[in-house]
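Below, chains carry the letters A, B, ... as their sequence lines are ordered, and counting in each starts from 1. The structure displayed is predicted, hence computed values, not measured ones.
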Protein chains: 2
Amino acid sequence: MKEGPDIAQIGSLIGDPARANMLTALMGGRALTATELAAAAGVTLQTASAHLAKLEAGGLLAQRKQGRHRYFTLADDRVGKLLEGIMGFAASRGHLRHRPGPKEPALRKARICYDHLAGDYGVRMLDSLIEAGSISVVGEGLSLTAHGEKQLGSIGIDVSGLRSNRRPLCRSCLDWSERRAHLAGSLGKALLSNFFEKGWARRTENSRSIFFTPEGERRFLTLFPLELGDGNPQLELDEKL
Amino acid sequence: MKEGPDIAQIGSLIGDPARANMLTALMGGRALTATELAAAAGVTLQTASAHLAKLEAGGLLAQRKQGRHRYFTLADDRVGKLLEGIMGFAASRGHLRHRPGPKEPALRKARICYDHLAGDYGVRMLDSLIEAGSISVVGEGLSLTAHGEKQLGSIGIDVSGLRSNRRPLCRSCLDWSERRAHLAGSLGKALLSNFFEKGWARRTENSRSIFFTPEGERRFLTLFPLELGDGNPQLELDEKL
DNA sequence: GAGATGCTTCGGTTACGATCGAAGTATGAA
DNA sequence: TTCATACTTCGATCGTAACCGAAGCATCTC
């Protein structure tokens with residue numbers, strides 16, 4: 001018997017295809033019922049029930065009962081972060097499942113990553129904030145500048161409110177589809193909520209992709225402009241790591 | 001079939017107890033032979049051989065042949081970082097294997113975490129550097145200050161040389177035994193190498209624990225002092241995340 | 001060249017965990 | 001109260017992957 005953390009325990013929970021599908025579905029940020037998760041996993045309710053029990057016992061999921069419905073979410077941000085890390089690593093080693101179709105470009109363009117914007121638009125948003133001097137990069141850390149606080153305050157982001165909670169304001173999250181970073185943390189979450197509230201964007205049914213309305217898209221691209229061509233503020237991912 | 005990174009693939013590679021033992025052994029930072037890894041995993045050579053082939057095909061390990069010996073290492077820093085993340089998460093959920101005995105306190109005191117110092121001494125080193133103003137904390141990022149560059153330069157750390165390579169200089173790494181952060185990145189590695197070169201510390205056989213000589217310990221504690229009691233520069237881990 | 005050592009491959013065995021049909025429990029609607 | 005729906009539990013089945021003995025290959029030593 002070895003000592004220390006039992007990584008096999010965590011690995012085997014994530015390593016079953018049905019459970020992995022459930023976890024991926026929950027990365028969409030919504031609470032899902034057992035029936036929905038069974039469908040997402042492609043197994044019967046009985047099988048799903050057993051898997052959900054294991055994931056909950058292992059500390060990856062939390063359950064909330066509402067009448068006869070059982071709603072499941074990722075247990076906390078740490079699980080989201082863990083799964084993001086494994087997704088980024090899997091992508092870097094070429095372990096990708098691929099289903100060509102209309103959804104794939106949509107997922108690459110804009111999707112939710114647990115609670116923040118990922119995809120091309122998520123990467124662009126971070127790049128633009130860095131380029132504008134609103135976010136500064138320190139090692140692997142991101143920090144909102146005074147300028148950035150003002151800029152985002154002007155679109156209705158309560159930055160001081162966000163600072164008062166314990167969660168990190170800005171966090172870099174590896175974007176597996178763009179192989180570069182997008183913005184996670186409480187600021188990332190607040191920005192995406194802001195876009196939903198303004199009606200610029202909305203979730204799509206049964207998918208992690210995010211749909212921007214034409215007007216929302218226009219406003220988003222105006223708010224987060226990027227200079228054309230080189231001069232992109234991020235180093236390529238595999239150089240940065 | 002779902003789209004995106006195949007987290008089940010990575011999860012199942014890590015999820016087998018024998019493979020997990022091998023990966024954990026390799027977190028010691030040394031290249032190990034197939035025979036050594038079989039022993040670490042508690043399986044026969046044939047079983048170990050099959051497992052090593054899978055880990056290599058999956059992108060987690062790299063192999064180097066030397067005569068009839070096959071030496072294995074983690075494929076790169078990303079694998080180390082991934083495993084660190086899983087270890088930290090497993091510890092936070094209580095998934096710990098426990099073998100009471102003389103080695104456990106030694107592992108808690110000082111051990112190697114792939115290529116840098118972990119354990120109580122690793123946490124203390126980072127805390128002290130922050131307290132002294134040698135490292136500043138920005139969000140989740142760590143940055144070496146001018147003062148820090150001077151301080152570490154005085155003990156023989158070539159900081160500008162380290163800055164010139166692509167790897168991040170300072171990186172926060174969750175310490176599963178202390179539940180707080182220690183210093184990873186190229187600076188973390190350089191510091192540990194420095195202690196080895198000075199003879200302050202050395203590896204122990206068949207263990208990830210690190211032994212400090214009495215003189216080395218005295219010098220280490222002098223170089224990285226900590227104020228007594230509260231006022232510790234790091235927030236408690238689960239508050240910070 | 002023969003023997004030893006490190007490791008891989010082959011083929012067979014077995015245990016275990018995922019799976020689901022059937023039955024049961026809890027909750028909500030008519 | 002009865003029926004419907006969401007979900008859990010039980011028990012049986014089956015596939016798969018880990019396991020290892022035996023054989024084979026590559027390299028090193030005497």
- Task: Before accepting this row, confirm whether a basic side-chain N of the pair A:Lys109/A:Glu217 lies closer than 4.0 Å to the acidic partner's carboxylate O.
- Result: yes

Choosing from [options], which nucleotide comes nearest the side chain of [X]?
X: A:Thr47; options: D:dT8, C:dT19, C:dC7; result: C:dT19
X: A:Thr44; options: C:dA4, D:dC20, C:dC20; result: C:dC20
X: B:Gln46; options: D:dT9, D:dA18, D:dG21; result: D:dG21
X: B:Arg68; options: D:dC28, D:dA4, D:dA22; result: D:dC28

- Message: Under a 3.5 Å distance rule, please check whether B:Arg19 uses its side chain to pair with a backbone N or O of B:Leu13 as donor and acceptor.
- Response: yes

Figure out the [atom1]/[atom2] separation between [X] and [N], and round it to whole Å.
X: A:Arg64; N: C:dT27; atom1: CZ; atom2: P; result: 16 Å
X: B:Leu32; N: C:dG6; atom1: CG; atom2: P; result: 15 Å
X: B:Asp16; N: C:dG17; atom1: CG; atom2: C1'; result: 13 Å
X: B:Arg70; N: D:dA26; atom1: CZ; atom2: C1'; result: 7 Å
X: A:Leu45; N: D:dT9; atom1: CG; atom2: C1'; result: 13 Å
X: A:Glu56; N: D:dC7; atom1: CD; atom2: P; result: 13 Å
X: B:Tyr71; N: D:dA26; atom1: OH; atom2: C1'; result: 16 Å
X: A:Gln63; N: D:dA6; atom1: CD; atom2: C1'; result: 12 Å

Answer yes or no: does a side-chain N or O of [X] lie under 4.0 Å from OP1 or OP2 of [N]?
X: A:His69; N: C:dA26; answer: no
X: B:Lys54; N: D:dA17; answer: no
X: A:Arg19; N: C:dA18; answer: yes

- Message: When you compare the side chain of A:Val43 with that of A:Asn21, does any pair of heavy atoms fall below 4.5 Å?
- Response: no

- Task: Please name the residue in the list A:Arg167, A:Arg171, A:Lys189 that meets the side-chain hydrogen bond (donor to acceptor under 3.5 Å, both in side chains) test with A:Asp77.
- Result: A:Arg167

- Query: Quick one: do the B:Glu215 and B:Thr213 side chains pair a donor with an acceptor below 3.5 Å?
  - Reply: no

